[in-house]
> 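Have a look at this one.
Lettering follows sequence order; numbering is per chain, from 1.
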Protein chains: 2
Amino acid sequence: MKKYIPILKQTKLFDGLGEEEISAMLGCLQAKQYSYKKGEYVFRQGECLSNITVLVEGNLHIQKDDYWGNRSIINTVGVGEMFGEAYAAPGSGTLLNDVVAVEDSTVLFFDVRRILTVCSSACKFHSMVVQNLFFAISEKNRRLVQKLGHMAKRSTREKLISYLSEEAKRQNSGTFTIPFNRQQLADFLSVDRSAMSNELCKMRDDGLLTFEKNRFTLL
Amino acid sequence: MKKYIPILKQTKLFDGLGEEEISAMLGCLQAKQYSYKKGEYVFRQGECLSNITVLVEGNLHIQKDDYWGNRSIINTVGVGEMFGEAYAAPGSGTLLNDVVAVEDSTVLFFDVRRILTVCSSACKFHSMVVQNLFFAISEKNRRLVQKLGHMAKRSTREKLISYLSEEAKRQNSGTFTIPFNRQQLADFLSVDRSAMSNELCKMRDDGLLTFEKNRFTLL
DNA sequence: GTAATTCGGTTGTTTTTACAACAGAAAGAG
DNA sequence: CTCTTTCTGTTGTAAAAACAACCGAATTAC
């Protein structure tokens with residue numbers, strides 16, 4: 001687990017802490033490490049969470065499948081990102097979505113109660129971590145609202161423009177890659193894949209953008 | 001401002017604190033009180049927030065209008081609820097939405113830095129309030145994900161069922177009222193009002209539900 | 001009380017999307 | 001290398017939503 005400390009140092013959760021301090025906290029927070037093969041579930045809808053987790057290898061999707069097989073991708077989790085933090089509060093209820101590995105992935109689990117309860121031992125960074133937790137979840141909140149903004153658009157084209165513009169802005173470049181293939185992007189925006197594919201090509205023909213695989217350029 | 005202390009005592013932000021403690025904190029947090037007439041803006045998109053606010057009277061909508069006048073209602077804020085907390089972190093950027101009073105409303109403003117910085121004076125409840133803040137934003141996060149769930153549904157009927165079912169569950173009753181009129185509900189679910197109205201009536205004819213104004217019963 | 005405005009429902013038309021089926025290209029397995 | 005599977009784009013059709021226009025009822029303003 002030690003080898004992931006440089007990654008943890010980069011996370012929002014441990015922002016401001018040194019490697020030695022993180023190392024000390026790993027024990028204090030009862031960190032556990034699990035690995036998942038591509039396609040495996042990390043969590044399933046309806047489960048009770050008692051951990052905050054950090055992805056240290058791979059890629060995850062937070063998603064939901066309905067009775068008819070329609071998939072909706074809520075969010076992606078990249079290396080260094082956290083998930084499960086919205087269920088840390090007592091009385092949060094059960095998980096609303098599935099969390100699934102879209103690549104071979106490794107996840108660190110931290111005991112929620114250990115984070116929220118100031119421990120008696122030497123590690124005095126709990127209050128800092130709680131504030132980090134608050135900042136991190138704030139950012140997620142803002143991103144969820146942005147996603148709502150994409151999905152609120154009435155047409156597929158507008159949804160695409162809304163999403164791709166944000167991504168360009170976020171990556172500070174008119175050329176950027178997205179973490180989705182076509183089907184996943186359609187599931188993320190809640191539209192039909194073939195219709196979306198069609199719309200993308202029309203937008204290219206209209207001179208709005210170019211693309212190759214998951215690399216896009218806005219014009 | 002004192003008269004709102006019983007309301008503040010009921011909020012998630014001050015959960016666990018007594019009236020005297022809240023009273024003390026009002027000064028410590030530099031609370032300010034503002035009132036808004038129906039239709040007035042509390043905040044506008046693009047503003048910088050440096051306050052966490054609590055609604056103590058009235059009703060607010062967090063919403064966004066696009067260039068063509070399409071309105072999208074992100075969320076409602078009821079008495080005792082908080083808003084702006086997602087922008088408390090440094091580097092949060094500017095507000096993505098408008099916040100508007102849909103009734104005559106009164107709002108209390110609290111200085112964010114005062115909340116996050118432990119003050120030197122006697123009031124020792126800051127860490128508790130930060131944790132409360134974290135729990136509150138967690139819940140908002142889960143509700144946003146639920147809203148994404150409604151909006152991810154492909155048809156207007158499914159969106160309605162998804163939203164109304166959740167509302168029934170939340171209010172623990174098959175009969176419940178919603179905080180929207182028809183236009184607002186349409187803006188909330190991002191669909192056309194007349195089409196939605198039509199669909200609601202079809203659903204009633206199909207025996208799925210009954211309604212009168214903003215009072216619904218699921219069958 | 002009357003006028004004006006808002007609100008909810010209805011209908012017909014146009015536009016958009018979903019759905020289904022297929023084909024070529026690319027990627028992966030053996 | 002060859003076979004299989006996945007991925008992306010394409011097309012036509014059916015279904016659904018958006019849009020516009022209108023009406024009566026309810027609410028609000030004066």
> Side chain to side chain donor-acceptor pair (under 3.5 Å) with Thr177(A): which residues, sequence neighbours excluded?
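Scan of Thr177(A) (side chain to side chain donor-acceptor pair (under 3.5 Å), adjacent residues dropped) gives none.
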> Got a sec, which pairs hit salt bridge (charged side-chain N to carboxylate O under 4.0 Å, His left out) with one end in residues 59-70 of chain B, sequence neighbours left out?
Asp65(B)-Arg71(B)
> Excluding sequence neighbours, so at least two apart, what forms salt bridge (Lys or Arg N to Asp or Glu O under 4.0 Å) with Asp205(B)?
none
> For Lys159(B), which residues count as a side chain to side chain donor-acceptor pair (under 3.5 Å) partner, sequence neighbours excluded?
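Lys159(B) satisfies side chain to side chain donor-acceptor pair (under 3.5 Å) with no other residue.
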> Kindly write out the residues that satisfy salt bridge (Lys or Arg N to Asp or Glu O under 4.0 Å) with Glu199(A), not counting sequence neighbours, or none if the list is empty.
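With sequence neighbours excluded, Glu199(A) shows a salt bridge (Lys or Arg N to Asp or Glu O under 4.0 Å) to Arg157(A), given in chain and number order.
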> Please state how far atom CG in Asp187(B) lies from atom P in dC7(C), giving the value in whole angstrom units.
11 Å
> Can you give the first and last nucleotides of DNA chain D, 5' to 3', that have an atom under 4.0 Å from a heavy atom of chain B?
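The protein-touched segment is dA17(D) to dT27(D).
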> So, Glu85(A) and Lys140(A), do they make that salt bridge, N to O below 4.0 Å?
yes
> With sequence neighbours excluded, what pairs up with Ser50(A) under the side chain to side chain contact (heavy atoms under 4.5 Å, CB included) test?
none
> Please enumerate all residues that pass side chain to side chain donor-acceptor pair (under 3.5 Å) together with Gln171(A), with sequence neighbours excluded.
Glu167(A)
> With Glu139(B), which residues qualify under salt bridge (Lys or Arg N to Asp or Glu O under 4.0 Å), at least two apart?
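Here the qualifying residues are Lys12(B).
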> When you match Asn198(B) and Gln183(B) each to their closest nucleotide on DNA chain C, which lands nearer the 5' end?
Gln183(B)
> Using whole Å, report how far CZ of Arg204(B) lies from C1' of dG9(C).
9 Å
> Taking side chain to side chain donor-acceptor pair (under 3.5 Å) as the test, write out the residues that go with Ser92(B), two or more places apart.
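Here the qualifying residues are Arg142(A).
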> What is the bend of the helix from dG1(C)-dC30(D) to dG30(C)-dC1(D) when you compare the axis at one end with the axis at the other, using five pairs each and rounding to 10°?
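Here the helix ends are tilted 60° relative to one another.
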> Could you run down nucleotides 17-30 of chain C 5' to 3' and tag each one B, S or - for protein heavy-atom contact under 4.0 Å?
SSBB-----SS---
